[in-house]
Amino acid sequence: MEAVVSLPEPITAPGTGIANLPNQRHKIVAKNGANFTLMVCEHKNLNKRRIKPPSKTVQIQITRAELEEKMFKVKLTIIDTPGFGDYVNNRHGWIPIVDFIDDQHENYMRQEQQPCRKGVVDMRVHVCLYFVKPTGHTLSPLDVEVMKRLGSRVNLIPVIAKADTLTPSDLAKFKQNILDVIAAQNIQCYSSPIESDDEATTKRNMNIMAAMPFAIIGSTQDVMTPDGRKVKGREYSWGVAEVENDDHCDFKKLRSLLIRTHMLDLITTTEETHYENYRQIQMETRKFGDPRTEKDENAKFAEEEEQLRKDFTEKVKAEESRFRQWEQQLLAERDRLHKELEIQSDRIKELQYEIDSYYSQRESPRSIRK
């Protein structure tokens with residue numbers, strides 16, 4: 001991180017002195033330092049053998065560090081999300097991650113509403129690195145769902161993990177497939193400012209953004225290259241995959257975007273866009289002091305309720321079908337009994353007629369003899 005040192009203008013300098021305001025601002029910022037919170041969202045490998053079973057829920061792990069360069073300090077917070085993607089059914093695995101981001105906006109908003117705002121704790125997430133598995137195909141349905149939720153809340157940057165497992169041609173095709181899905185699904189990803197007064201800066205920004213989604217090779221090991229250089233990378237039978245080689249991966253470009261060139265824009269965008277959107281929505285939909293509505297939890301329960309409703313409806317339909325069959329059987333039995341009753345009634349009439357005829361024949365001779 002490069003710090004620009006400007007000499008103060010002398011008191012006798014011409015003008016009113018308002019041009020010295022940026023120098024004053026620089027001194028304040030340099031003294032206070034900066035807070036930067038980065039979230040890492042990455043699928044876990046189900047094929048790895050585990051010493052103990054994975055957690056049933058996504059838990060949040062927070063790591064803090066303080067970086068200093070040329071008397072400028074940055075308080076760095078890393079948010080990891082172990083447990084995400086651990087199970088076959090990950091339909092609601094994104095809820096704890098989204099809740100954490102919303103909770104930080106909520107906590108900051110509540111602190112702003114207090115009479116005394118000294119010592120405000122700011123844990124708002126400035127950027128989320130979403131790691132995509134190097135399948136070589138495209139984004140999974142879970143990737144699309146999670147990225148949609150994250151992109152509307154935080155500066156989302158898609159990253160391809162283990163890029164050294166793909167050939168250059170497959171990697172280029174994979175990147176394009178990801179970009180096509182992002183555009184088709186209207187997923188909001190971070191877009192840094194491109195244009196600048198400096199032509200070199202504009203060209204650099206275009207070069208960085210052209211690499212998105214960033215393909216990364218991760219390694220902390222020092223290995224020797226065939227030409228005798230010691231580098232961070234991974235050693236294979238065919239050669240060495242270097243972490244800080246732009247021809248091998250986009251690590252340096254991603255690092256430059258996060259730290260050297262666009263950290264301030266990430267912080268400002270979080271403040272002016274994502275936090276402001278959250279604050280406006282909350283203030284429009286609830287009264288002052290009311291708790292936040294857990295929309296995602298409600299969505300989960302609403303979905304479960306909808307499934308129960310569907311199951312109940314199916315059972316009702318099955319019972320109705322069974323009742324109709326039973327009713328039809330009863331009607332058929334009724335018709336059969338009515339028909340049999342009619343037959344028996346006709347038979348009785350016939351018997352009655354035979355009886356009447358029989359008695360009539362017996363009485364006729366007697367009347368003649370009289």
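Source: prediction; values computed, not measured. Computed over heavy atoms, backbone and side chain alike; hydrogens, waters and symmetry mates excluded.
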Using every non-hydrogen atom in the two residues, find where [X] and [Y] come nearest and quote the distance to one decimal.
{"X": "M224", "Y": "V240", "value": "O-CG2, 3.5 Å"}
{"X": "A241", "Y": "I217", "value": "CB-CD1, 3.8 Å"}
{"X": "N205", "Y": "H262", "value": "OD1-CE1, 3.2 Å"}
{"X": "C41", "Y": "L150", "value": "SG-CD1, 4.5 Å"}
{"X": "I182", "Y": "P158", "value": "CD1-CG, 4.2 Å"}
{"X": "A211", "Y": "D250", "value": "O-OD2, 3.6 Å"}

Within-4.5 Å side-chain heavy-atom neighbours: [X] and [Y]:
{"X": "F36", "Y": "I259", "result": "no"}
{"X": "D265", "Y": "Y190", "result": "yes"}
{"X": "R153", "Y": "V125", "result": "no"}

Margin query: Assess whether a salt bridge exists between K148 and E145, defined as any Lys/Arg side-chain N lying under 4.0 Å from an Asp/Glu carboxylate O.
Written below: no

Checklist line | Ion pair check, E320 and K317, cut-off under 4.0 Å | finding: no

Check: When you check the side-chain N and O atoms of H248 and D164, is any donor under 3.5 Å from an acceptor?
Finding: no

Notebook entry, point to check: Aromatic rings Y108 and Y275: how do their planes relate, parallel, tilted or perpendicular, breaks at 30° and 60°?
Noted result: perpendicular

Notebook entry, point to check: Given the rule that I, L, V, M, F, W and Y join up when any side-chain heavy atoms are under 4.5 Å apart, are I343 and L351 in one cluster?
Noted result: no

First locate atom [atom1] of [X], then atom [atom2] of [Y], and finally report the distance between them rounded to the nearest 0.5 Å.
{"X": "I97", "Y": "T81", "atom1": "CD1", "atom2": "OG1", "result": "4.5 Å"}
{"X": "E333", "Y": "L331", "atom1": "CD", "atom2": "CG", "result": "11.0 Å"}
{"X": "K173", "Y": "L171", "atom1": "NZ", "atom2": "CG", "result": "13.0 Å"}
{"X": "E106", "Y": "Q111", "atom1": "CD", "atom2": "CD", "result": "11.0 Å"}
{"X": "D80", "Y": "M39", "atom1": "CG", "atom2": "CE", "result": "9.0 Å"}

Notebook entry, point to check: According to the side chain to side chain donor-acceptor pair (under 3.5 Å) rule, which pairs have a member within residues 321-330, sequence neighbours left out?
Noted result: E319-R322

Next item on the list: Return yes if some donor-acceptor pair links the side-chain N/O of S196 with the main-chain N/O of T202 below 3.5 Å, else return no.
Entry: no

Margin query: Treating R234 as the side-chain partner and G218 as the backbone partner, does any N or O pair qualify as donor plus acceptor under 3.5 Å?
Written below: yes

Next item on the list: Quick one: list whatever passes salt bridge (charged side-chain N to carboxylate O under 4.0 Å, His left out) with R229, sequence neighbours left out.
Entry: D227, E242

Name every donor-acceptor pair, under 3.5 Å, that has one atom in a side chain of residues 71-78 and the other anywhere in the protein, sequence neighbours excluded.
none

